[in-house]
Asks: 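A single structure is presented below for examination.
Ligands are counted one by one from 1 in listed order, and the atoms in each one are counted from 1 as well.
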Amino acid sequence: MRILLADPRGYCAGVEMAIKGLELALQRFGAPLYVYHQIVHNTYLVEYFSSRGAIFVDQLRDVPIGATLMYSAHGVSPRIRQEAQARALNIIDATCPLVTKVHGEAVRYARKGYTLILIGHRGHDEVVGIMGEAPGVIHLVESVNDVTALEVGQPSHIAYLTQTTLGVSDKQDIVAALRQRFPHLEKPRTDDICYATHNRQLAVRKLAAEAQLALVIGSQNSANSRRLADVARSLGTPARMIDTPEELRPHWFGTVDTLLLTSGASVPECLVEKTLDWLQRHFDVTIEERSLKQETQHFHVPPPLRRIQKQAGHSAATSRQTPEKAPLP
Ligand code: SF4
């Protein structure tokens, strides 16, 4: 079996920053260290950090007054920031700067009196945070059908924003439907779908036709991982998702001559390596890594941790291997 290993895959700059930030925060503040929501949407990493003393919470009332709390890469709404302040929490903000950019756009448009349409997935942590910037002003649409059902009249100023991890072609379809209803619809100055989402989907789009199966490593609650499977399926290539290689089954690969292997933006490279080990143990494989795009983005860890990073002699650029030596849970 030939394995096409997609590149880019795995960690994006936002996830690298959040994961390194959590490592440093655990070193600096020790356990227990509270994190609002999953630091990134990956079961393996959440279990790994839970075993190190991170406590992931969905309600601030579960965080003791005055404790240290980290915001996840997906960001939080102003209401959560206010609640954290009221509880005198020591905040470390690991929100990805590309999510913060969308929050900023929401605030700017709302101040100018715009009606806003957010294209995203209901209930996703990032969407909840962005909607919270302008309650009552932002309307969520998830599909073209939602556009038809939208009840906002014909506002004089209307703009759209998107979740950073949308399917690129889904977004295009929804924006086209919005433009039909609102010819004056304005768009963000730069695309809200982030570079990492674009690049990982581009790699799958380029490679899927050569494969009989796409295997995506990523958790079910990871929007960007699920979109990779969607892209493959939309091109007629069946796709399976796994959280860890323990879920693999030999019969999945019975008629597969070429397998496309990729991983979502929150997936550590050690899971790709373990998956390749499993495939090599079960099949006669050749591995071809296909590089479709170079990525050079890097985000600094949150300010309170930078000094610790320097003192500890950590490299500014973290590896997508992190946590390198973590055992599989
Ligand atoms: S997927 Fe994009 S927006 Fe989300 S953390 Fe990564 S770089 Fe940031």
Asks: Whether the Gln201 and Asp230 side chains hold a donor-acceptor pair (N or O, under 3.5 Å, no angle test) is what I'd like checked.
Replies: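 Result is no, nothing qualifies.
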
Asks: Within the 4.5 Å heavy-atom criterion, are Ser77 and Val128 side-chain neighbours or not?
Replies: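 No, their side chains stay 4.5 Å or more apart.
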
Asks: Going by side-chain heavy atoms closer than 4.5 Å, which hydrophobic residues are tied to Val127, directly or by a chain of links?
Replies: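 Besides Val127, the cluster holds Val102, Tyr109, Tyr114, Leu116, Leu118, Ile130, Met131, Ile138, Leu140, Leu161.
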
Asks: Using a distance threshold of 2.8 Å, what protein N/O/S atoms lie below it relative to atom 6 (Fe) of ligand 1?
Replies: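 Short answer, with waters excluded from the count: Cys12 SG.
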
Asks: For residues His41 and Asn224, is any side-chain donor paired with an opposing acceptor at under 3.5 Å?
Replies: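 There is no such pair between these side chains.
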
Asks: Side chains of residues 54-66: which donor-acceptor partners sit under 3.5 Å, not counting sequence neighbours?
Replies:
none

Asks: Please name all residues satisfying side chain to side chain donor-acceptor pair (under 3.5 Å) with Ser266, sequence neighbours left out, ordered by chain then number.
Replies: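 Ser266 satisfies side chain to side chain donor-acceptor pair (under 3.5 Å) with no residue once adjacent residues are dropped.
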
